[in-house]
Amino acid sequence: MTRYRCKGTVCGLFMKNDLQLETLRHSTAHVMAAAVCRIYDNVLLDIGPSTDDGFYYDFDMPQRLTPDDFPAIEAEMAKIVAEDLPFERIEVSRDEATKMLAGQKYKIERLADIPEGEAISFYKCGTFFDLCRGPHVESTGKLRAFKLLSVAGSYYRGKETNPMLQRINGTAFTNDKQLGLYLKQIEEAKLRDHRKLGKELDLFSMHEEVGPGLIHWHPKGARIRSLIEDFWRQEHFRNGYELLYTPHVGKANLWQTSGHLDFYKEGMYAPMEIDKSDYYVKPMNCPFHINIYKSDIRSYRDLPLRWAELGTVYRYEKAGVLHGLLRVRGFTQDDAHIFCTPEQIEDEIKEVLRFSTFIWKTFGFESITAYLSTRPEKAVGDPARWEQATVSLESALKASGLPYEVDEGGGAFYGPKIDLKIKDAIGREWQMSTIQFDFNLPDRFDLSYIGEDGEKHRPYMVHRALFGSIERFFGILVEHYSGAFPAWLAPEQVRVLPLSEDQLDAAADMVVELRKQDIRVTMDHKSGKIGAKIRNAQMDKVPYMLVLGAKEIEAGTVAVRDRTGAQEVITLADFVEKLKTAVQDKA
RNA sequence: GCCGGCGUAGCUCAGUGGUAGAGCAGCUGAUUUGUAAUCAGCUGGUCGGGGGUUCAAGUCCCUCCGCCGGCUCCA
């Protein structure tokens with residue numbers, strides 16, 4: 001029952017609580033607001049904090065801002081910096097503050113948020129002043145390197161019912177070099193954007209006539225997915241899971257029992273009526289797995305049951321939040337449910353963490369951080385069970401050796417959970433695996449097992465997803481590898497490049513030979529220079545190119561060029577051996 | 001959903017009221033090539049859909065669809 005956040009921050013490298021940098025950025029936000037107020041009339045201010053990778057400031061003003069306005073604002077900011085205006089802190093009474101903020105309705109509301117007894121401070125530079133806790137740099141002259149990046153709408157306090165403000169996002173660093181590095185990283189992220197690469201490498205598409213957020217997997221994307229799924233299945237069997245397949249639709253009654261119709265209806269596709277019953281497309285797999293659990297009387301001797309499914313679900317996600325493969329409406333979860341006794345839960349959690357860590361390392365994600373979310377105020381289920389589950393999660397985390405943070409009260413209403421975040425090749429963090437206790441569904445469906453004592457007991461139920469959604473994971477993987485998939489995942493592992501027409505037959509024979517060995521191979525039939533063929537193969541990010549000329553045929557060898565440009569001349573048998581080893585090792 | 005931007009050939013894009021363009025890709029032909037682009041010719045578009053303004057609309061207006069940026073967070 002977990003929902004996944006879609007985006008990594010662009011720039012994990014520069015994150016982390018660097019107070020100096022935060023202060024600098026916050027001051028830059030003030031200078032930007034000051035510049036905006038100098039240029040435009042009737043500007044209402046909201047807030048301007050620093051963020052993980054920069055800062056923003058929210059304005060309500062008649063003028064519609066566009067990126068074309070940035071140069072003028074930046075020029076005005078540069079002037080303010082040149083003026084080297086000191087940031088002055090002024091503490092005032094609430095009444096004085098109200099007077100100073102006359103006409104600034106958002107600020108006045110923000111002022112009301114400040115608890116009685118807490119100091120009310122303003123920061124002033126030149127004629128511009130702003131309700132602000134601080135701290136700030138000494139003077140505007142301290143600002144060195146900043147850039148405005150984007151403008152977008154943003155609800156006041158993030159609420160849809162509130163007015164929409166205009167938010168200018170920017171970033172700032174202590175020097176131009178770091179700013180340059182950051183901007184370069186944004187460029188790098190754009191280059192490896194999975195939507196761009198998905199088109200260039202012919203991996204997947206979406207179609208207006210089908211509907212937003214519904215993915216079409218092209219042959220190359222489908223091949224990669226199939227390899228991922230094969231690996232996933234194999235490892236699940238190896239780790240003591242059984243696989244399930246369940247229907248895509250279910251009657252209203254089922255979703256009534258599960259609670260989805262009461263609490264999740266707006267996230268579901270509208271029902272279709274068949275034989276006077278409403279059928280809903282599934283947004284989750286859990287109720288089906290539960291039905292299978294309930295299809296028999298379960299003994300404590302049967303537990304734990306670990307059941308996994310690549311279950312395709314559909315959810316109505318708001319149109320505005322859809323994003324490539326990362327946030328879609330139809331997706332396949334690598335969903336699993338573990339049913340176990342209280343005595344078993346800790347070992348089960350440990351195993352899931354170990355399994356999950358293994359999977360991430362296989363895909364080349366080395367840096368993993370865990371987040372433990374505990375009981376929120378509004379929660380269902382026996383507090384003693386919450387306690388046991390939370391303790392189990394935490395001790396499993398300790399045993400795993402993973403670094404972790406605790407989000408007190410951050411759990412779902414139905415159980416505590418562990419989320420794993422991984423860092424990709426350019427340092428961005430993504431929330432991936434979830435291990436989620438559920439104290440809700442077992443009650444709703446009245447799940448039980450017969451214990452040693454001959455009595456009925458409620459099993460523990462844990463939802464667990466490693467990838468979350470195959471679509472989203474695939475999108476992240478494309479960006480992580482920048483489209484250059486390792487040999488074990490590459491849809492086309494080898495491309496044979498005949499030097500001229502004279503080698504066409506030999507090349508075709510080589511393709512047949514390699515294909516027999518389960519190698520994913522194609523050949524370039526076109527006439528043209530070898531340089532062009534190499535270029536095409538490079539752009540398609542094929543791991544190995546085999547150049548075949550008269551020399552190689554004569555000597556019984558192939559000229560192997562890999563994606564990095566490294567070359568060697570070896571026998572075909574040696575090449576096959578080498579490739580198979582790489583695939584075996586998932587290198 | 002909301003605010004803003006955008007939608008022109010398979011792809012990347014130019015074209016701001018007066019006869020729809022380029023490069024790449026594709027096709028055909030020539031070339032037979034030694035490690036990131038051989039040359040030439042050709043094909044390809046109801047300019048996202050619908051409606052309107054105008055003598056005339058890719059261009060202006062309305063509307064729908066889709067895409068992009070964003071919508072908790074130290075006042």
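So that the names make sense, note that chain A is the first sequence line, chain B the second, and so on, each numbered from 1.
Nucleic acid contact for Ala29(A): none, since no nucleic acid atom lies under 4.0 Å from a heavy atom of the residue. Across all strands shown, Ala559(A) has heavy atoms under 4.0 Å from base atoms, whether or not it also approaches the sugar-phosphate. Counting any heavy atom pair closer than 4.0 Å across all strands shown, Ile530(A) reaches sugar-phosphate atoms only and no base atom. Counting non-hydrogen atoms under 4.0 angstrom, His207(A) reaches nothing in the nucleic acid. The residue Lys526(A) sits close only to the backbone: its heavy atoms come under 4.0 Å of sugar-phosphate atoms, none of a base. Among the heavy atoms of the strands lying under 4.0 Å from Glu552(A) is at least one base atom, whether or not backbone atoms are also near. Within 4.0 Å of Leu499(A), counting heavy atoms only, lies at least one base atom of the nucleic acid. Residue-level contact check: Arg133(A) touches the bases, meaning some heavy atom is under 4.0 Å from a base atom. Counting any heavy atom pair closer than 4.0 Å across all strands shown, Lys107(A) reaches sugar-phosphate atoms only and no base atom.
Judged by distance alone, with hydrogens and angles left aside, Glu209(A) brings no side-chain donor or acceptor close enough to the base of rC65(B) to form a pair under 3.5 Å. Contact annotation: side chain of Ser527(A) to base of rU31(B), donor-acceptor pair present below 3.5 Å.
Take the nearest nucleotide of RNA chain B for Met206(A) and for Ala119(A): the residue whose nucleotide is more 5' is Met206(A). Comparing Arg535(A) and Gly528(A) by the nucleotide of RNA chain B that holds the closest heavy atom to each, the one mapping nearer the 5' end is Gly528(A).
Geometric assessment of Lys541(A) against the ring of Phe485(A) yields a negative cation-pi assignment under the 6.0 Å and 45° thresholds. Taking the ring centre of Phe331(A) as origin, the terminal cationic atom of Arg315(A) falls outside the region bounded by 6.0 Å and 45° from the ring axis. Both the sub-6.0 Å distance and the 45° axial angle are satisfied by Arg167(A) relative to the ring of Tyr56(A).
The heavy-atom pair separating His30(A) from Phe128(A) by the smallest distance is O-CE2, 3.7 Å. Between Asp540(A) and Arg495(A) the shortest heavy-atom distance is OD2-NH2, 2.8 Å.
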Produce a footprint string for nucleotides 2-11 of chain B: one letter per nucleotide, 5' end first; B if the base is under 4.0 Å from any protein heavy atom, S if only the sugar-phosphate is, - if neither. BBS------S
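Considering only residues two or more places apart in sequence or on other chains, Glu160(A) meets the side chain to side chain donor-acceptor pair (under 3.5 Å) condition with Lys318(A). In this structure His525(A) satisfies the ring pair (Phe, Tyr, Trp, His ring centres under 6.0 Å) test with no other residue, sequence neighbours excluded.
Phosphate proximity of rG70(B) to His323(A): absent, as no side-chain N or O sits under 4.0 Å from OP1 or OP2. The phosphate of rC73(B) (OP1 or OP2) has a side-chain N or O of Tyr56(A) nearer than 4.0 angstrom. Listed pair Arg195(A) / rC67(B) fails the phosphate criterion, with no side-chain N or O lying under 4.0 Å from OP1 or OP2.
Looking at Glu429(A) and Thr369(A), their side chains come closer than 4.5 Å, going by heavy atoms from C-beta outward.
Here the side chain of Ala532(A) is nearest to one of rU32(B), rA37(B), rA25(B), namely rA37(B).
Here the separation of rC6(B) from rG48(B), taken at their P atoms, is 13 Å to the nearest Å.
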